[in-house]
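Whatever order the structure lists ligands and atoms in, that order sets their numbers, starting from 1.
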Amino acid sequence: MGNADFSELRKIMVREQIQARGITSPDMLKAFNEVPRHIFVPEEKRNLAYEDCPLSIGSDQTISQPYIVALMTDSLAIRRGDKVLEIGTGSGYQTAILSFLGARVYSIERLSTLAKEAQKNLASLGYNVTVAVGDGTEGWRENAPYDKIIVTAATPQFAHSWQEQLTVGGKIVAPIGGKLAQDLIVADKISTKHLSTRLICSCRFVPLIGKYGFKE
Ligand code: SAH
């Protein structure tokens, strides 16, 4: 498959999986039309990159289904210049979408092989993001506060460190629940001590492993 074929598949993905399900902001549609998702998928699976499902990226981890990436991104109402903390870089695809939308992204990944691969792909496409290897359940204090925080692995709760590192007026989205099933929840930080939450849908993510996450 060549770039023209991938670009055609991408248009169909946007039309059928994203636009048809109610995401209509022109900036969002442009981001999903332009970020080459297949680059973030292992070479032998590139023909499946625009399918309506998550895919394995090795090390027991997955790249999320396109629609879930769109839902999570949409729930954060990203504006140009927003400082965003991402927990769970994985393939780097979600990172690329955030960066395309003009966010300044700080992304943490627990597994160094994935972080390296993601960083390589992001750099080769010209996205200027900062990826670090570490335990994202503690947030990333050095660059705090953040306007938005996105957690792309299942977590038992909104960790205290994330709530602290989010600005008042900021938003955080995460799949919250047990290891096997979660609710995707977005919250607004309405004061220094309070979050106002809204349920988006039920979902299933790989677990967040760390100090304030799940045990290995
Ligand atoms: N948005 C990514 C999702 C990757 S899956 C994508 O679409 O490609 C979730 C990722 O979270 C995995 O790569 C996993 O290794 C990582 N992860 C798990 N626990 C973590 C932790 N404590 N800190 C940072 N990353 C973590």
Starting from the N and O atoms of ligand 1, find every protein N or O within less than 3.5 Å and list the pair with its distance.
unit_1	atom_1	unit_2	atom_2	d
ligand 1	1 (N)	T152	OG1	3.4
ligand 1	7 (O)	S64	N	3.1
ligand 1	8 (O)	S91	N	3.0
ligand 1	8 (O)	S91	OG	2.6
ligand 1	13 (O)	E109	OE1	2.8
ligand 1	13 (O)	E109	OE2	3.3
ligand 1	15 (O)	E109	OE2	2.6
ligand 1	19 (N)	I209	N	3.0
ligand 1	22 (N)	D135	OD1	2.9
ligand 1	22 (N)	I209	O	2.7
ligand 1	23 (N)	G136	N	2.8
ligand 1	25 (N)	R110	N	3.2

*Does any donor atom in the side chain of S25 or D27 lie under 3.5 Å from an acceptor atom in the other side chain?*
no
Which atom pairs, one a donor and one an acceptor, fall under 3.5 Å between side chains of residues 205-216 and the rest of the protein, sequence neighbours left out?
unit_1	atom_1	unit_2	atom_2	d
E216	OE1	R110	NH2	3.3
E216	OE2	R110	NH2	3.2

*Determine whether I97 and I172 fall in the same hydrophobic cluster, where Ile, Leu, Val, Met, Phe, Trp and Tyr are linked whenever their side-chain heavy atoms lie under 4.5 Å apart.*
no
*For T24, check side chain to side chain donor-acceptor pair (under 3.5 Å) against everything at least two apart and list the hits.*
none
_Sidechain-backbone polar pair: Q165 side chain, E138 backbone, donor-acceptor under 3.5 Å_ = yes
Per-pair distances, 0.1 Å, donor-acceptor, side chain in residues 10-19, under 3.5 Å, sequence neighbours excluded:
unit_1	atom_1	unit_2	atom_2	d
R10	NE	N33	O	2.8
R10	NH1	Y50	OH	2.9
Q17	NE2	Y50	O	2.9

